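Encoded as structure tokens, the structure appears first; notes follow it.
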Amino acid sequence: MATEKRVVFKSAWLPWVLLAPQVAVIAIFFFWPAAQALLQSVQQSDAFGTSVQFVGLENFRNLWNDESYLESFKTTAVFSSLVAVLGLSLSLTLAIFADRVVRGSGLYRTFLIWPYAVAPAVAGVLWLFMFAPSIGIVSYGIRQLGMAWDPLLNSNHAMALIVMAAVWKQISYNFLFFLAGLQSIPKSLIEAAAMDGARPWRRFWTIQFPLLSPTTFFLLVINIVYAFFDTFAIVDAATKGGPGKDTAILVYKVYFDGFKAMDLGGSAAQSVVLMVIVVALTVVQFRFVEKKVNY
Amino acid sequence: MAIAAITAAAFSVPAQAQTEIQWWHSMTAVNGEWVNDLAKEFNASQKDYKIMPTFKGTYDESMTAAVAAFRAGNAPHILQVFEVGTATMMASKGAVVPVGKVMTDAGYKFDPKVYIPAVAGYYTSPAGQMLSFPFNSSTTVFYYNKDAFKAAGLDTEKAPATWAEVALAAAKLKASGHKCPISLSWQGWTQLESFSAWHNVEFASKQNGLAGLDARMKVNTPLHIRHIENLANMAKQGLFVYKGRGNVPEASFVSGECAMMTTSSGFYGNVKKNAKFAFGLAPLPYYQDVPGAPQNTVIGGASLWVMAGKKAEEYKGIAKFFDFLSKPEVQSASHKRTGYLPITTAAYQLTEKSGFYKENPGTDVAVTQMVRKVTDKSRGIRLGNYVQIRAIEDEELEQVWAGKKTAKEALDAIVKRGNEQLERFEKANK
């Protein structure tokens, strides 16, 4: 039985002083903006803030009465599950292959990490150009195959486009963590299994994958947060939420109403809703998914 | 080298106490150079003031930046705002100073009548005060590819004047193998806003929002439904091909893919520089049987707003700069250079006298479309939360082109959703 290690501070104020920088950072960069959003969500004001009035829950009521906003929840659910599932499985596959490569692995890794250095808006534009109906090089290829590719008017195509861009953008991040996770699994375990006659597929599912579960869980949370909060630039550049409103995910509307249309009250109300959803999702993940994770 | 440095230093020493005036704008490339040249010319013309133009991103980006700066007490003196943001600026009473007041306070005679009526009317408050300074105004026109017209056996010197003629021309173009006979840029602006003014029907009540904040959308009249239905039918037959929102479709005209297009007059420079075919400019098509059509089109582009809370001396400088910009010679040169409208009647006459329109056929279409007599239904469209309403127009029209909604369903939805935005804006800006 290991003895309990616990540092005891003799003075009462020292632990608070040591905590202070961290608390200050969180307060300034998280609690203060969050409080501002809460405050603005119950106000309506003109763009310059010269006339501000308290409207209670009216901004939320407006959202509730907006059918297209309610529709946007479904779009967001589809989008973020696709991004998380595809992003995680693709990058895990890539990490497994990169882990096995002996020669030139540094080169592969560099190439795989590259997309992370690209700004989301640039990623959106890049994919937009490749898949644009009239000028895109990939859409030309698709048309040669006999498919009528039209993300401008076909919602499934548009959704596919932003999912691809969002996944591509996030793959590097996931890849890095998966690769590090794979490399931290002791080689002896895998060698022992190999000697027992386990094929690579079985070795992966019975040894590597369970040992990777903390990494996978962490990445799941990160990817969902990414899909919810970080993807508005991709949507803005690639589809502008169209066709109709079929790719207008929640965060895109927050961005559009707040930064393009200057409707600060409405935008703040939406970010509060978004904040609540992500908090709820995180709680669910930690309550239920985490039970399946072995640390 | 050393001598050059010394002389440069000597020249850059500001003549005693020059007042600097910040001007935030959204002009890129060729138009950005134009803005810088205007500032340079003004700065060289006098010694007391220095205009400092700064590019702050796209129209909506620079407006967001100015809002943030204003809240932090750092707003620029002059801000270029697109027409869609006009209602927002007008409602922000404490944030801006009416340009009419800036001019008269500084001792300049300011007569709104010298401006082209459709331009001045747009930036004038219901009480008759000019609120912002018209700068780069554009309007919607019709472009067509003469080479494609020739290949299809159409008259290259006569653009289709009515929508029936457009459909006929499109059918011929398609028969001759053209994949995209017509596409539309800024579909809300060209097919609903300009369309309404052009046919002298209301787009929204209260003179399209110019007469008050309690305006409501009116775009689901039989005429509007008929037009959108007509376009939807053309889309079904592959005569009209949807190419995206905003000015995105413009590229498909320049590349030769689409043979006809409705878009901004400010697109002229791009086509002239990049198109590898002969092209023509014409007025927007209309429906012959509608009484009063064609009327005039509404303006787009941007104007200059003067921000509140600056020093008296700085306002004098702003007034002097605006006085400089109003000179017919300066205006006319800008018009010729950019394709934006001449904003004063004098500048238009000066340009005409110089023979510019004769040498560059088509450049006068935008002007003649605008200088007609305006009515209460065609003065312009100024509505609150208009950025959102434009997005709603795009969303609903896309449903029509995709065959998911009928024209009536989509237009009813635009009215309903647009009115929600208008009600909210009215409430927030009482």
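In what follows, chains carry the letters A, B, and so on, assigned in the order in which the sequence lines appear, proteins first and then strands, with residues in each chain numbered from 1. All values derive from a computational prediction rather than experimental measurement.
Note on B:E420, B:E398, B:K243: by heavy-atom pairs under 4.5 Å with chain A, the leading option is B:E398. Heavy-atom pairs under 4.5 Å with chain A were tallied for B:R417, B:K405, B:M63; the largest tally goes to B:R417.
Summarising the geometry, atom CG belonging to B:D60 is positioned 4.5 Å from atom NZ belonging to A:K260; distances are rounded to the nearest 0.5 Å. B:N385 CG to A:D263 CG: the interatomic distance, rounded to the nearest 0.5 Å, is 5.5 Å. For the atom pair NZ (B:K427) and CG (A:N62), the distance works out to 7.0 Å, reported to the nearest 0.5 Å.
Neither the backbone nor the side chain of A:L128 comes within contact range of chain B; no heavy atoms are under 4.5 Å apart. For B:E396, no part sits under 4.5 Å from any heavy atom of chain A, backbone or side chain. Neither the backbone nor the side chain of B:K179 comes within contact range of chain A; no heavy atoms are under 4.5 Å apart. Only the side chain of B:K404 comes within contact range of chain A, with heavy atoms under 4.5 Å apart.
For A:E58 and B:R424, the salt-bridge test fails: no basic side-chain N is under 4.0 Å from an acidic carboxylate O.
Within 6.0 Å of CD1 on A:I137 lie no more than 12 heavy atoms contributed by other residues, nucleotides or ligands. For CZ of B:F55, the number of neighbouring non-hydrogen atoms (other residues, nucleotides, ligands) closer than 6.0 Å is greater than 12. The 12-atom threshold is exceeded at CZ of B:F277, counting heavy atoms of other residues, nucleotides or ligands nearer than 6.0 Å.
Within residues 150-163 of chain A, the residues having any heavy atom closer than 4.5 Å to a heavy atom of chain B are A:L152, A:L153, A:S155, listed by residue number. Identified by a heavy-atom distance below 4.5 Å to chain B, contributing residues of residues 24-37 of chain A are lacking entirely. Identified by a heavy-atom distance below 4.5 Å to chain B, the contributing residues of residues 67-76 of chain A are A:E67, A:S68, in residue-number order. Residues of residues 64-78 of chain B that come closer than 4.5 Å to chain A, counting heavy atoms only, are B:T64, B:A66, B:V67, B:F70, B:R71, ordered by residue number.
Taking every heavy atom of both residues into account, A:A261 and B:Q388 meet most closely at CB-OE1, 3.2 Å. Scanning both residues, A:K240 and B:R245, for their nearest heavy atoms gives O-NH1, 2.8 Å. The heavy-atom pair separating A:A47 from B:S92 by the smallest distance is N-OG, 4.3 Å. When all heavy atoms of B:Q399 and A:K245 are compared, the closest pair comes out as NE2-N, 4.5 Å.
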Report task. For the pair B:M307 and A:F48, evaluate side-chain contact (heavy atoms from CB on, under 4.5 Å) and give the outcome as yes or no after the intermediate values. Result -> CA-CA 11 Å; B:M307 304 301 293; A:F48 290 89; 3.5 Å; yes
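Between A:F259 and B:E61, every side-chain heavy-atom pair lies at or beyond the 4.5 Å cut-off.
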